[in-house]
There are 2 protein chains.
Amino acid sequence: MAGNETGRRHSRDDVVEAALRILDDLGLPDLTMRRLAAALDVQPSALYWHFPNKQTLLAELADRIVAARRVPAAADPAADWRDAVRGEAAALRDALLAYRDGAEVVSSTLALGLGSPETVDRLARAVARGGFDLETSHRAATALLHFVLGHVSHEQQRLQYDSLGVLADGDRSPFDEDDPAAAFAFGVDLFVGGLELSRSRT
Amino acid sequence: MAGNETGRRHSRDDVVEAALRILDDLGLPDLTMRRLAAALDVQPSALYWHFPNKQTLLAELADRIVAARRVPAAADPAADWRDAVRGEAAALRDALLAYRDGAEVVSSTLALGLGSPETVDRLARAVARGGFDLETSHRAATALLHFVLGHVSHEQQRLQYDSLGVLADGDRSPFDEDDPAAAFAFGVDLFVGGLELSRSRT
DNA sequence: ACCTGAACACCGTTCAAGT
DNA sequence: ACCTGAACACCGTTCAAGT
């Protein structure tokens with residue numbers, strides 16, 4: 001149950017893996033230091049030998065979640081920059097969806113300035129292949145990232161509600177979306193289109 | 001200190017106003033039911049006569065924060081739809097910035113499906129003035145809303161860091177932005193441009 | 001209509017001490 | 001190198017009872 005069958009003590013990696021398991025099984029609100037410690041059969045204080053605090057642990061989880069994303073086929077340097085941007089965005093969405101509450105975990109550590117800048121950098125590089133300057137690429141990338149995180153957070157929240165059966169049929173807010181993948185693609189295309197237009201105007 | 005100088009007991013409105021004061025003075029993490037009760041000179045349990053739980057209280061705060069936004073001059077039905085969208089987005093940003101952690105409060109209640117759909121509806125109506133169908137307007141509005149909330153959350157997070165003096169000079173991540181208002185306008189224009197392009201293609 | 005008092009079941013974090 | 005034991009200073013929420 002503790003992910004370590006030999007009687008040995010835990011590594012930092014054991015802690016992270018147990019945390020990811022709790023996150024995926026129970027969700028972010030139930031990922032507490034005390035529950036994590038119990039899953040590892042140690043006292044809560046033992047976790048503070050591996051991580052200075054919970055935020056740092058969450059940042060590590062966020063990094064692993066986004067690092068697990070596939071490299072899009074559109075990363076092919078010969079591919080059109082629009083497809084590169086679409087591919088990066090889709091890969092990011094998939095990675096966030098791979099863990100329960102993944103978008104929230106990544107959002108929170110991003111807001112705190114923790115976590116690596118890799119995520120926004122990759123998006124910015126895809127945009128830059130359209131010939132945009134650094135600042136434009138960067139601004140577009142952060143705007144797109146905000147959309148992706150907001151969209152997937154919302155998507156995952158609905159998953160939870162639906163599984164809890166909280167919503168009576170037809171009790172859904174108009175803010176909800178029947179086809180999340182299509183709504184996502186539409187949003188991404190809005191960005192791509194906006195960039196395209198801004199270029200054709202210079 | 002309790003906002004009620006007569007010896008009378010508190011109304012639901014008193015509770016909300018005290019909560020908004022704590023939010024603005026101390027921030028969302030310090031807005032606890034116990035602290036709120038102390039500010040009103042009542043026991044924590046007293047709050048549960050006015051609100052069933054903390055989430056409902058936060059939803060009320062979120063509604064008040066967004067309801068306080070000015071109606072943009074561009075709401076003039078004769079104005080260009082692009083300016084209407086820009087105006088709504090800017091008014092929303094201003095409203096969120098008016099309270100400490102305003103964007104986070106609104107985000108959290110939006111994600112939970114609480115709070116009124118007014119916010120996304122207003123944006124959707126502005127978009128619809130460009131002649132887009134209902135679904136397109138709605139999708140564009142939610143995408144734009146996600147950008148606005150993500151952007152302002154990040155902006156407010158940085159305000160907090162700066163005021164705490166946590167960041168050594170030049171220690172800022174490339175995800176940060178020197179001119180938030182310009183970056184915001186750029187992001188909004190990306191949306192507007194994308195919509196414009198999508199229309200010119202039909 | 002609005003609140004008290006007391007309790008329940010939790011949190012994250014620190015720190016001296018142990019092996 | 002990794003963990004225990006005990007504590008500190010908190011949380012949100014419930015519920016019977018009071019005025």
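Quantities reported herein were computed from a predicted structural model and do not represent experimental measurements.
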Looking at [options], which one has an atom nearest to any side-chain atom of [X]?
| X | options | answer |
| --- | --- | --- |
| B:Trp49 | C:dT4, D:dT13, C:dC2 | C:dC2 |
| A:Ala46 | D:dG12, D:dT4, C:dG18 | D:dT4 |
| B:Arg34 | C:dG12, D:dG12, C:dA1 | D:dG12 |
| A:Val42 | D:dG12, D:dC3, C:dC3 | D:dC3 |
| B:His50 | C:dC11, C:dC3, D:dT4 | C:dC3 |

Could B:Asp14 and B:Arg9 be called an ion pair, given the rule that one side-chain N must be under 4.0 Å from one carboxylate O?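 Answer for the salt bridge query: no.
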Between A:Arg64 and A:Glu60, is there a side-chain N and carboxylate O pair less than 4.0 Å apart?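 Salt bridge: yes.
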Please confirm whether any donor atom in the side chain of B:Ser45 sits under 3.5 Å from an acceptor in the base of C:dG5, or the reverse.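 In this structure, the two groups form a donor-acceptor pair.
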Between P of D:dA7 and OH of A:Tyr48, the distance in whole Å: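 Distance check: A:Tyr48 OH to D:dA7 P gives 19 Å.
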Just how far, in rounded Å, is P of C:dC15 from CD of A:Gln43?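 Whole-Å distance recorded here is 18 Å.
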Checking base pairs now: Watson-Crick or wobble, both atom distances under 3.5 Å. What partners [N]?
| N | value |
| --- | --- |
| C:dC3 | none |
| C:dC11 | none |
| C:dA17 | none |

Show your working on salt bridge (charged side-chain N to carboxylate O under 4.0 Å, His left out) between B:Asp179 and A:Arg139 and close with a plain yes or no. CA-CA 11 Å; B:Asp179 186 349; A:Arg139 280 177 167 174; 5.0 Å; no
With C1' as the reference atom in both, quote the distance from D:dC2 to C:dA16 in angstrom, rounded to an integer.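 Pairwise C1' distance, D:dC2 against C:dA16, rounds to 15 Å.
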